[in-house]
Amino acid sequence: MLSRSPLLVGEWWNEDIRKLIANVLSTGSDFPPSDANTINGQPGDRFPCSSNGTFRLPIEPGETYMLHIINAALTNGFFFAIAGHRLTVVSSDGSYTKPFTTDHIFIDPGQTMTVLLKARGRGHSKARYYMAARALTTNAGAPLDNRIATAVLEYIHASSSGHPDFPTLPANNDSSAAAAYTARLRSLASKEHPADVPRNIDKRMIVTLAVNEIVCKKGPCKGPHGNRFAASLNNISFEMPRTDILGAYYRSTIGSVATTDFPDNPPSPFNFTADNLPPELALTARGTAVKVLAYGTVVEVVFQGTTILGGDSHPMHLHGFSFHAVGRGIGNFDRRQDPAKYNLVDPPYQHTVSVPTNGWVAIRFRAVNPGE
C-alpha cells in the first residue's frame with residue numbers, strides 16, 4: 001500500500017500577518033522573525049499552545065508512505081527530518097528526480113519535495129517518532145526564530161507509547177548541509193522522461209540579487225541608516241505598476257507602464273561577494289523594468305548573490321515555468337570557466353531554486369508561456 005500525506009512547514013506570528021506586512025511596506029523595516037515555526041499549522045507538543053493540536057501521522061508497520069512536503073513559509077528555508085527513518089527523495093517541484101536516500105532534506109520557501117517513507121516492520125520497540133523542521137539562516141545579522149517545529153509519527157497498534165525519539169538536524173547556520181543536499185537533486189533523464197536541456201542559447205543574462213537601501217524621502221523609515229529596505233535585481237527594486245504589464249504590452253501601451261530596458265548584466269560591476277563592500281553600493285532605486293523576449297527564445301539566467309548588507313540566500317521562482325538548474329557555485333560567476341562545469345545531462349527541473357549566500361545559480365528555459 002502507498003498512502004499519501006501532505007506536510008506543510010511554515011511560520012506563525014502572534015498577530016495579524018496582514019498588518020505586519022502593511023507595517024513593513026509602509027516603514028521599510030525588516031520583517032520580524034516568526035513567533036513559531038510550524039508543521040501542518042502547529043508548532044508541536046514541545047509548545048504548550050499546541051500540545052493538544054500537534055499534527056500526528058498514523059502509519060502501519062511495513063508500509064510505504066508518500067509524503068508531499070511543502071514549504072509555505074514567508075521567509076525561512078527549512079531542514080526537515082524524521083527520527084529513526086530515512087527519506088527517499090523522488091520529486092522536486094512536481095518533477096521526478098533520480099531517487100536518493102537521505103537523513104534530512106532542505107526546502108526553501110515555495111519549493112515542494114516528494115519523499116518515500118518506509119515504515120519499520122512489526123515488532124520494533126518504539127511507537128512514536130518526532131518529525132522536525134528547523135530554519136536555516138545564512139546572514140548572521142538577520143533575526144531568526146530558531147525554535148524547532150515538531151509533529152509526531154505514530155505506529156498504529158504498537159505496544160510502546162513512550163516519549164518520541166528526536167531526529168538529528170543540521171545546525172541553523174549550516175549552509176554547507178543545505179548546499180550538499182541540493183547538489184544531489186537530479187532529473188530522471190530517461191527515455192520515458194527526457195531531460196531535453198537546451199544547448200543553444202539565444203539570450204544570456206546575469207542578474208544580481210541583493211537586499212538594498214532606498215533613501216528615505218518620507219518617513220517614518222525604519223531600515224538601516226534611517227532608510228528603507230528594498231530587494232533588487234540588477235540594482236532595480238520593483239515598483240508595482242498602475243496596470244497589468246502583459247495587458248499593456250498587448251494594447252501597445254507598455255511604454256506608459258514600464259520600461260523595456262531591464263539590463264542583461266549588472267549595470268555597475270563590482271566584486272559581488274567581497275567582504276566590507278562600500279556603503280554606497282547598498283543604495284538602489286525603484287523602477288518597473290521588463291525584458292521582452294520573442295516566443296521560443298532560449299534563455300540562460302545566472303542569478304548572482306551579493307554580500308550587500310551582509311548577504312543572504314535567496315529562493316528564486318519563475319512564475320508559470322519550470323527550468324533546468326544547470327549549474328551553481330560559490331563566489332563570483334566566471335563566464336569563461338564556470339559554464340564548462342554545467343550539468344547538461346540530468347539537471348533538476350524546478351520552478352524554484354535556492355541561490356546560496358555569496359554564490360550563484362545558472363538556469364535555462366524556453367520562453368513559451370506568454371500568459372504568465
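Side chains are part of it too, since the values below use all heavy atoms of this structure and drop only hydrogens, waters and symmetry mates.
Listed for the Arg286 side chain is no donor-acceptor partner under 3.5 Å among the backbone atoms of Ala230. Side-chain atoms of Asp103 never come within 3.5 Å of backbone atoms of Ala81 as a donor-acceptor pair (strictly under, hydrogens ignored). Distance alone, capped at 3.5 Å, is enough to place a donor-acceptor pair between the Thr307 side chain and the Phe272 backbone. Using modelled atom types, one side-chain atom of His324 and one backbone atom of Ala195 make a donor-acceptor pair closer than 3.5 Å. Side chain of Tyr155 to main chain of Arg120: a donor-acceptor pair is present (N/O by atom type, distance under 3.5 Å, no hydrogens or angles). Judged by distance alone, the side chain of Tyr65 and the main-chain N or O of Glu60 form a donor-acceptor pair under 3.5 Å. Looking at Glu15, its side chain never comes within 3.5 Å of a backbone N or O of Leu20 through a donor-acceptor pair. The backbone N or O of Asn76 sits less than 3.5 Å from a side-chain atom of Asn71, completing a donor-acceptor pair. For Thr54 (side chain) and Asp45 (main-chain N/O), a donor-acceptor pair under 3.5 Å exists by modelled atom type. Without hydrogens or angle criteria, Arg199 side chain to Asp196 main chain gives no donor-acceptor distance under 3.5 Å.
The 12-atom threshold is not exceeded at OH of Tyr249, counting heavy atoms of other residues, nucleotides or ligands nearer than 6.0 Å. Around the CG atom of Asp16, the shell of radius 6.0 Å holds more than 12 heavy atoms that belong to other residues, nucleotides or ligands. Within 6.0 Å of atom CZ in Arg86, more than 12 heavy atoms from other residues, nucleotides or ligands are found, so the atom counts as buried in its surroundings. Atom CD of Gln337 has 12 or fewer heavy atoms from other residues, nucleotides or ligands within 6.0 Å. At most 12 heavy atoms of other shown residues, nucleotides or ligands fall within 6.0 angstrom of atom NE2 in His225.
Applying the side-chain contact (heavy atoms from CB on, under 4.5 Å) rule to Pro224 yields the partners Glu213, Phe229, Leu309; only residues at least two apart in sequence or on another chain are considered. Every residue meeting the ring pair (Phe, Tyr, Trp, His ring centres under 6.0 Å) condition with Phe333, not counting sequence neighbours, appears here in chain and number order: Trp360. Listed by chain and residue number, Tyr130 satisfy the ring pair (Phe, Tyr, Trp, His ring centres under 6.0 Å) test with Phe166 (two or more places apart in sequence, or in another chain). Take Phe365 and apply the ring pair (Phe, Tyr, Trp, His ring centres under 6.0 Å) test, not counting sequence neighbours, and it matches Phe321. For Asp30, there are no salt bridge (charged side-chain N to carboxylate O under 4.0 Å, His left out) partners, not counting sequence neighbours.
Note: the hydrophobic cluster containing Phe323 does not contain Val326 (ILVMFWY, side chain heavy atoms under 4.5 Å, direct or indirect links). Neither Met316 nor Val211 shares a network with the other; the hydrophobic side chains, linked directly or stepwise wherever heavy atoms of I, L, V, M, F, W or Y lie under 4.5 Å apart, form separate groups for each. Residue Leu117 is grouped with residue Val9 when hydrophobic side chains (ILVMFWY) are merged at heavy-atom distances under 4.5 angstrom, including chains of intermediate members. A chain of hydrophobic side-chain contacts below 4.5 Å, direct or via other Ile, Leu, Val, Met, Phe, Trp or Tyr residues, connects Leu136 to Met113. By the criterion of side-chain heavy atoms lying less than 4.5 angstrom apart, applied directly or through intervening Ile, Leu, Val, Met, Phe, Trp or Tyr residues, Trp13 is not grouped with Leu8; the two fall into different hydrophobic clusters.
Considering Asp108, Thr352, Asp93 as possible partners of His317, the one that fulfils the side chain to side chain donor-acceptor pair (under 3.5 Å) test is Thr352. Of the candidates Asn172, Asn146, Thr75, Asn172 is the only one forming a side chain to side chain contact (heavy atoms under 4.5 Å, CB included) with Thr137.
A donor-acceptor pair shorter than 3.5 Å cannot be found between the side chains of Tyr96 and Glu192. Residues Thr101 and Thr88 have side chains that bring a donor and an acceptor to within less than 3.5 angstrom of each other. No side-chain donor-acceptor contact under 3.5 Å links Ser187 and Asp346. Between the side chains of Thr284 and Asn235, a donor-acceptor pair is found at a separation under 3.5 Å.
Here the CZ-CD1 distance, from Phe303 to Ile363, works out to 4.0 Å after rounding to the nearest 0.5 Å. Here Leu246 contributes atom CG and Ile254 contributes atom CD1; the two are 8.5 Å apart, rounded to the nearest 0.5 Å. The CG atom of Asn369 sits 8.0 Å away from the OH atom of Tyr295 when rounded to the nearest 0.5 Å. Rounding to the nearest 0.5 angstrom, the gap separating the CD1 atom in Ile148 from the OG1 atom in Thr150 is 9.0 Å. Distance check: Leu67 CG to Leu153 CG gives 8.0 Å after rounding to the nearest 0.5 Å. The OG1 atom of Thr114 sits 6.5 Å away from atom CE of Met66, with the distance rounded to the nearest 0.5 Å.
In this structure, Tyr129 has its ring center under 6.0 Å from that of His85.
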- Task: Go through the steps to decide whether Phe31 and Ile21 satisfy the test side chain to side chain contact (heavy atoms under 4.5 Å, CB included), and finish with yes or no.
- Result: CA-CA 8 Å; Phe31 206 88; Ile21 293 174; 3.7 Å; yes

- Start with the C-alpha distance between Val298 and Arg364, add both sets of side-chain angles, then the distance that settles side chain to side chain contact (heavy atoms under 4.5 Å, CB included), and finish with yes or no. CA-CA 7 Å; Val298 178; Arg364 290 184 177 182; 5.6 Å; no

- Task: I would like to know whether Leu209 and Leu233 meet side chain to side chain contact (heavy atoms under 4.5 Å, CB included); could you show each step before the answer?
- Result: CA-CA 5 Å; Leu209 315 177; Leu233 301 177; 3.2 Å; yes

- Message: Go through it in stages, so that I can follow the logic: the residues are Arg46 and Arg147, the test is side chain to side chain contact (heavy atoms under 4.5 Å, CB included), and I'd like the CA-CA distance, side-chain angles, deciding distance and then a yes or no.
- Response: CA-CA 10 Å; Arg46 305 202 312 168; Arg147 286 168 290 190; over 6 Å; no

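Using a 4.5 Å cut-off on side-chain heavy atoms (C-beta onward), Leu185 and Phe100 make contact.
For residues 252-275, the salt bridge (Lys or Arg N to Asp or Glu O under 4.0 Å) pairs, not counting sequence neighbours, are Lys203-Asp264, Asp264-Lys291.
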